[in-house]
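First the structure, in the form of structure tokens, and then the observations on it.
First listed ligand is number 1; within each ligand, the first listed atom is number 1.
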Amino acid sequence: MDIKKRINELTDEVNYHNYLYYVLEDPVISDFEFDKLLKELSVLEEKYPEYARADSPTKRVGGEPIEKFSQITHRIPMLSLDNTYSKEDVIEFDLKVKRFLGFPANKDIEYECELKFDGLAIELIYENGLFTVGSTRGDGITGEDVTKNLKTIKTIPLKLLNMEDAVQARRAEQTEQKHKEMHEIQKPVKYIEVRGEVLMDKKGFKKLNEQRLKDNMPLFANPRNAAAGSIRQLDSKITSERNLIMFAYGIGEYSGEMSFSTQFELMQKLKLLGFNINKETKIAKNINEALDYYEDIAARRESFSFDIDGVVIKVNDIKFQEKLGELSKTPRWAAAYKFLAKQATTAIKDIIVSVGRTGVLTPVAILNPVNIGGVEVQRATLHNQDEIARKNINIGDTVLVERSGDVIPEVVKVVKKAGIVNFRDPNGNNSGGIGDIGGRIDYFRIPNLCPCCGSATVIDGAAVRCINELACPCQIKASIVHFASKRAMDIEGLGEMLVDKFVENKLIKTVADIYYLYLEKEDLEKLEGFGKKSIENLLNSIEKSKNIAYDRFIFALGIRHVGEHIAFLLIKYFKDIEGIKNASVGDLNSKFGIGEEIAKSIYNFFRLKSNLDVINKLFSAGVNPHAIISEKIGQEFVSPLYGKHFLFTGALKNFSRDAAENIIKERGAVAEKTVKKGLDYVVVGDEPGSKYAKAVKSGLKIISEDEFVKLLNE
Ligand code: IVH
């Protein structure tokens, strides 16, 4: 075999599939096949490092840490945008454009509209097609050289795509059109500076902060700071773990082989070169359509997987852009129309400490109600003692509160102290709360004892935990609420309020008692505000929940560190409770690469008699988890789903969308997001969206959730 040739082929192929996956979101091979190619390449490169190419995808994992960043002066300054906040401002911008170009006020100017990404601006230099230098915007004139870090981002091409790559790449019929489009780029671009924004998506941000909380590290205030912190990082290995994305939105200097007459066309060309261009990029025929674009995006703002802080409206015609030119810091041909802030200032009325399912004491600020972006906010999380101390927060302080997406609102910082500063009594009489460092005390302290049951607490990383695991009423209540929740046993109607009532009236002590509630009908009827009909409904949904997918049952048990995905893996490998119970820490640890801490937590859970009693009681009550998996792990077995393309629409009864997608991915199938040719199955749940109608129209194979489960069990 010609090794060099094979390494070349593999490099091009993997880069190309990377592009199909991350940029076009339209992969033509499964993750499994992709990993196989990547593995083959890295094995060959390890043996023959002399043939490894500079744009090899294996180089995305990060390298040795560096001492410090060097400075890069941008050949063309990186400008910023004029911010507008109202319709009137935007209309004024349009009028100014027309005045400057000498057009009458009633002429339509075409605009290209984009999302305003809330991340970190960067510039990427490509020389002879290869990514050579990447820098931050910095002050617009000079930024920092963060090339190594940027190389780890999968949506940044290491080499520009051109016709040659496209021809070499293996392809499927459905992407023929795309290949044709690629052929349009005839001449390779010698030099180009591509500009855009690096972002961290909201999910990744949440996960990162959760991990940092566990590791006792300061939290990032928002995804923008997390993205910036990840890029301005001396150790690129850390950057590579952060799952950042990049969207391109413009260019700096370039050598001119590429031609385009509009901003929109430029974006399409950049996409063909391999850059990630956001799908929401649209043309507006005039300023009114640009205003409609803003309204549409603002209404869907929360649904994006990353933060945006407005839209950007750009004159589409490049000739007009050139005529309009720029002022010292901002171009005349573009404006940002920003959303109203998702931050507001208000006062902290009180701080309460809640106790969660795992006994962690979480401080929560009770606020003077304040409207943030259309939602009334009354509470904000303060995370933990370290965060309170770092931000120096206390009752009465005026604070800046931020709300973002479905994340719990949080206190960003203190704007004004309440003015009451306590000094520690020199005799030590007011000392003692956790985090007491002595001297000036002007931040709130989490109490030493559990506020719910009065038990002692322990410090566990950044968290303070109540040790009364089995009897603390707050922990019991929270674990019952978790057990009954939608993603666990899905017992409709059994929410926080009812659980509180049941526990306080001693109707339930453990989750197993839920299934014996029907014996207490008389007592239930005595409860205030709980009519016959609601009792009937509740008992029905309790009965319904007995028949549950096995992994959801495991998730419902609330074993520490066992989320939906691990629950799924546990059932996949150990089949049922007996299997998991009998596994040693080593078995758990080696089977699917879970960390030792999680393995121990699972092992210990099944060593506790009280837990086993509850499980037995659940089974005796008729809870009957059914296997959703029948694969013979470890044997030569290929799932019938292998290589198939699925689309889910509507709510499924037994799986969350994520769980369903994970299940099929595990079996080598591909989860699609849009209706398209080549889909093998469209799985339809309750209240499906427009995708369902589209799928019917396109004559695709549509199956119900039951049929889907059958397919899984085949
Ligand atoms: S164009 C000459 N387009 O906003 C125009 N910028 O306030 C320069 N930004 O530093 C930028 N999304 O970080 C442009 N679609 C978009 C953008 C965008 C976010 C950021 C960028 C820039 C800042 C300007």
Side-chain angles (χ1 to χ4, degrees), residues 72 74-85 89-90 93 97 111-124 134-144 146 150 153 155-156 193-201 222-228 230-232 244-254 260 262-268 270-271 275-284 290 293-294 296-298 301 304-318 320-339 341:
I72 297 278
H74 306 295
R75 291 204 195 179
I76 300 177
M78 291 180 75
L79 301 179
S80 58
L81 292 164
D82 247 353
N83 288 332
T84 58
Y85 290 95
D89 284 355
V90 175
F93 159 72
V97 164
Y111 291 100
E112 188 242 19
C113 306
E114 298 172 12
L115 302 181
K116 186 166 189 315
F117 308 107
D118 197 5
L120 179 78
I122 53 146
E123 177 175 81
L124 311 165
S135 54
T136 59
R137 174 178 182 273
D139 60 6
I141 307 289
T142 313
E144 284 173 323
V146 287
L150 293 176
I153 300 177
T155 32
I156 293 183
E193 295 167 356
V194 176
R195 292 170 174 187
E197 200 93 347
V198 170
L199 304 168
M200 181 177 290
D201 74 5
N222 50 45
R224 178 183 1 96
N225 288 5
S230 306
I231 288 300
R232 300 191 60 258
L244 300 166
I245 36 176
M246 185 253 184
F247 284 112
Y249 52 62
I251 55 175
E253 197 158 285
Y254 77 108
F260 50 92
T262 65
Q263 177 75 24
F264 190 78
E265 213 183 315
L266 167 63
M267 291 296 141
Q268 305 316 308
L270 287 177
K271 186 165 175 174
F275 293 94
N276 195 22
I277 304 300
N278 189 269
K279 285 196 277 296
E280 302 289 345
T281 304
K282 302 245 160 76
I283 289 179
Y293 177 83
Y294 170 89
D296 171 44
I297 298 293
R301 175 183 185 184
F304 292 106
S305 58
F306 46 83
D307 274 352
I308 52 175
D309 57 347
V311 303
V312 182
I313 303 172
K314 299 178 178 175
V315 170
N316 195 29
D317 192 314
I318 297 291
F320 290 171
Q321 283 191 8
E322 282 163 0
K323 258 197 204 153
L324 285 157
E326 43 248 0
L327 298 163
S328 68
K329 289 221 169 65
T330 57
R332 280 198 201 86
W333 48 267
Y337 185 3
K338 302 241 298 191
F339 299 136

- Message: Suppose we call two aromatic rings close when their centres sit under 6.0 Å apart. Are Phe306 and Phe247 close by that rule?
- Response: yes
- Query: Between Trp333 and ligand 1, is there a nitrogen or oxygen pair with a distance under 3.5 Å?
  - Reply: no
- Distance from atom 11 (C) of ligand 1 to nearest protein heavy atom, with residue and atom: Tyr249 CE1, 3.8 Å
- Query: How far apart are the closest heavy atoms of Ile231 and Ile153, and which atoms are they?
  - Reply: CD1-CD1, 3.9 Å
- Message: Can you confirm whether Lys282 is buried at NZ, in the sense that more than 12 heavy atoms of other residues, nucleotides or ligands lie under 6.0 Å from that atom?
- Response: yes
- Note on the structure: protein heavy-atom neighbour closest to atom 12 (N) of ligand 1 works out as Phe117 N, 3.0 Å
- Task: Can you pull out the closest protein heavy atom to atom 1 (S) of ligand 1? Residue, atom name and distance to 0.1 Å, please.
- Result: Lys314 NZ, 3.5 Å
- How close does the nearest protein non-hydrogen atom get to atom 8 (C) of ligand 1, and which residue and atom is it? Leu79 O, 3.7 Å
- For ligand 1, which atoms, with element, lie under 4.0 Å from some heavy atom of Pro331? 2 (C)
- With the side chain counted from C-beta on, respond yes when Met267 and Glu114 share a heavy-atom pair under 4.5 Å apart, and no when they do not. yes
- Message: Which residue is it: Arg75, Met78, Glu253, Arg137? I am looking for the one with a side-chain contact (heavy atoms from CB on, under 4.5 Å) to Glu123.
- Response: Met78
- Output yes when a side-chain donor or acceptor of Thr136 lies under 3.5 Å from a complementary backbone atom of Glu144, and no otherwise. yes
- Query: Counting heavy atoms only, which of Glu114, Lys116, Arg137 comes nearest to atom 10 (O) of ligand 1?
  - Reply: Arg137
- Are Tyr294 and Val90 close enough, and set up right, to give a side-chain contact (heavy atoms from CB on, under 4.5 Å), and what steps lead you there? CA-CA 11 Å; Tyr294 170 89; Val90 175; over 6 Å; no
- In terms of residue, atom name and distance, what is the protein heavy atom nearest to atom 20 (C) of ligand 1? Glu197 OE1, 3.6 Å
- Message: Please work out, at 4.0 Å between heavy atoms, whether the side chain, the backbone, both, or neither of Arg195 comes within that distance of ligand 1.
- Response: neither
- Could a heavy atom of Glu326 be found less than 4.0 Å from some atom of ligand 1? no
- Indicate yes or no: at least one non-hydrogen side-chain atom of Val97 is less than 4.5 angstrom from one of Tyr111. yes
- Which option out of Ile76, Leu81, Leu115, Ile277 puts a heavy atom nearest to atom 7 (O) of ligand 1? Leu81
